[in-house]
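By convention in this document, chain letters (A, B, ...) are assigned in the order of the sequence lines, proteins followed by strands, and residues within each chain are numbered from 1.
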Protein chains: 2
Amino acid sequence: MDRFLSTATNKIDSKGRVSVPAHFRAVVAKRGYQELYALKALDRPALDVGGLDLLDRYEERIAMEDPFLQSADDMSYFVHGDSDFLKLDQDGRITVSEFIRAHTGITTEVAFVGRGTFFQMWEPARLAEYGAQVRARLLKMRQAASNEISNGGTE
Amino acid sequence: MDRFLSTATNKIDSKGRVSVPAHFRAVVAKRGYQELYALKALDRPALDVGGLDLLDRYEERIAMEDPFLQSADDMSYFVHGDSDFLKLDQDGRITVSEFIRAHTGITTEVAFVGRGTFFQMWEPARLAEYGAQVRARLLKMRQAASNEISNGGTE
DNA sequence: TTGACGCCCATATAGGCCCATGGTATCCCT
DNA sequence: AGGGATACCATGGGCCTATATGGGCGTCAA
């Protein structure tokens, strides 16, 4: 399997380190990532983490913009300034910097969430809350859809 | 990695010096910059710092302006006259001159912000404010885009 | 002579490397 | 099938190096 799947929560130790789930590390190795690129998600208190190809994709997108417009500058700030590299130590751990804590609210535990081509880091309680909201939205959407189909909704 | 990435804040000592983050120094070395060229960002209280290619980019920018207009002359002055070289001492520090302080408002701490091919120096509080504005603009841009998509139907 | 600046050294802390421990799931052998 | 051995993994911690920071001293120029 070469995609990031499932969710796991690990503890931060006294030196501020946390283990990246072994399954995720295997995916990182399989994809040949030498370094992990972390980006603050725009509308959520989470960190998106992936390989350098994530950065490459963003940079290609920026290159399409007029470099002298504000939008290009904004994107560059977001991609280059509001991001960081996460270095895995040889036990597969990363140190949780102030950069990460500030944006996510992470203090003692980290929830790692697989998202296919990348994964996310969350503060566990906030993730639970977010997950509940997502489920509620999906449920509402499905109910709306089955009503439209004139009460025929199966399940 | 050969790109300036992430943000770090360092303190200015009693002699007016501040350490350039080690990661940035590594990029400077990798890019083969012998000297750091610093110029005042056009519309922000920040300093753009990079190699000589940064100067090229600004000149390109000026070339796009109508040469008969005042603005081109202003910009030329700005780039060529109102700029400076930053010398790294052997511990990787630079002196924060009055030139820098006046434009940025920097007093006791400097936030170094990676921008890919160059980096910026900010007064930390001003950077925080600017970052919040950028994120708000990007979020708005994305929401506008997703509205278009839901009207258009494709993804 | 004074002040700015470069060079050198000192030190505390953060971060990386290495190894140890304990828990858990798995496998194997009887 | 049961019980013990084993492999893997999260976690903890010692130690050493790199880095940021502080400060002394000499040099050069105004």
Side-chain angles (χ1 to χ4, degrees), chain A residues 1 4-30 33-38 47 49 83-102 106-114 119 121-124 127, chain B residues 1 4-30 33-38 49 84-102 106-114 119 121-124 127:
Chain A
M1 176 51 59
F4 297 101
L5 289 179
S6 87
T7 295
T9 299
N10 288 338
K11 289 175 195 166
I12 298 177
D13 68 18
S14 59
K15 291 169 75 172
R17 301 169 301 181
V18 66
S19 291
V20 174
H23 174 245
F24 285 9
R25 300 204 304 266
V27 177
V28 166
K30 189 149 193 174
Y33 295 155
Q34 298 301 314
E35 293 182 283
L36 289 177
Y37 171 69
L47 226 66
V49 185
S83 66
D84 203 356
F85 279 119
L86 304 182
K87 271 161 279 176
L88 283 167
D89 71 16
Q90 52 183 35
D91 293 327
R93 288 181 282 197
I94 56 176
T95 56
V96 183
S97 61
E98 188 50 39
F99 169 84
I100 297 177
R101 296 176 193 267
I106 287 171
T107 56
T108 63
E109 290 191 332
V110 182
F112 292 85
V113 183
F119 65 87
M121 293 173 61
W122 283 80
E123 196 285 313
L127 174 64
Chain B
M1 175 49 52
F4 294 101
L5 211 80
S6 91
T7 295
T9 300
N10 288 338
K11 289 174 195 165
I12 298 177
D13 67 18
S14 59
K15 292 166 78 172
R17 301 168 302 181
V18 66
S19 291
V20 175
H23 175 244
F24 284 10
R25 300 203 303 264
V27 177
V28 167
K30 190 150 191 175
Y33 295 156
Q34 296 304 313
E35 285 184 289
L36 287 178
Y37 182 73
V49 184
D84 204 357
F85 283 105
L86 302 182
K87 271 160 279 178
L88 284 167
D89 72 15
Q90 54 183 31
D91 293 327
R93 288 182 281 198
I94 56 175
T95 346
V96 182
S97 62
E98 188 50 39
F99 168 83
I100 296 177
R101 296 177 193 266
I106 286 171
T107 56
T108 62
E109 290 191 331
V110 182
F112 292 85
V113 182
F119 65 87
M121 294 173 62
W122 283 80
E123 196 286 313
L127 173 65

side-chain contact (heavy atoms from CB on, under 4.5 Å) partners for A:V27, two or more places apart: A:F4, A:H23, A:R31
Whether A:F24 and A:F112 hold their rings parallel, tilted or perpendicular, with breakpoints at 30° and 60°: perpendicular
Interface limits on DNA chain D, where chain B has a heavy atom under 4.0 Å of a nucleotide atom: D:dT19 to D:dC25
From A:E98 atom CD to B:T9 atom OG1, the distance as rounded to the nearest 0.5 Å: 10.5 Å
Sugar-phosphate or base contact per nucleotide [nucleotides 4-15 of chain C; S, B, -; heavy atom under 4.0 Å]: --BBBB------
A:D13: partners by side chain to side chain donor-acceptor pair (under 3.5 Å), with sequence neighbours left out: A:R17
Distance-minimising heavy-atom pair for A:T107 and A:R101: O-NH1, 3.0 Å
Residues in side-chain contact (heavy atoms from CB on, under 4.5 Å) contact with B:A38, at least two apart in sequence or another chain: B:L47, B:V49, B:L86
A:N10 side-chain N/O to A:S19 backbone N/O, donor-acceptor pair under 3.5 Å: yes
Nearest-nucleotide 5' precedence on DNA chain D, B:K11 against A:I12: A:I12
For A:D91, side chain to side chain donor-acceptor pair (under 3.5 Å) partners two or more places apart: A:R93
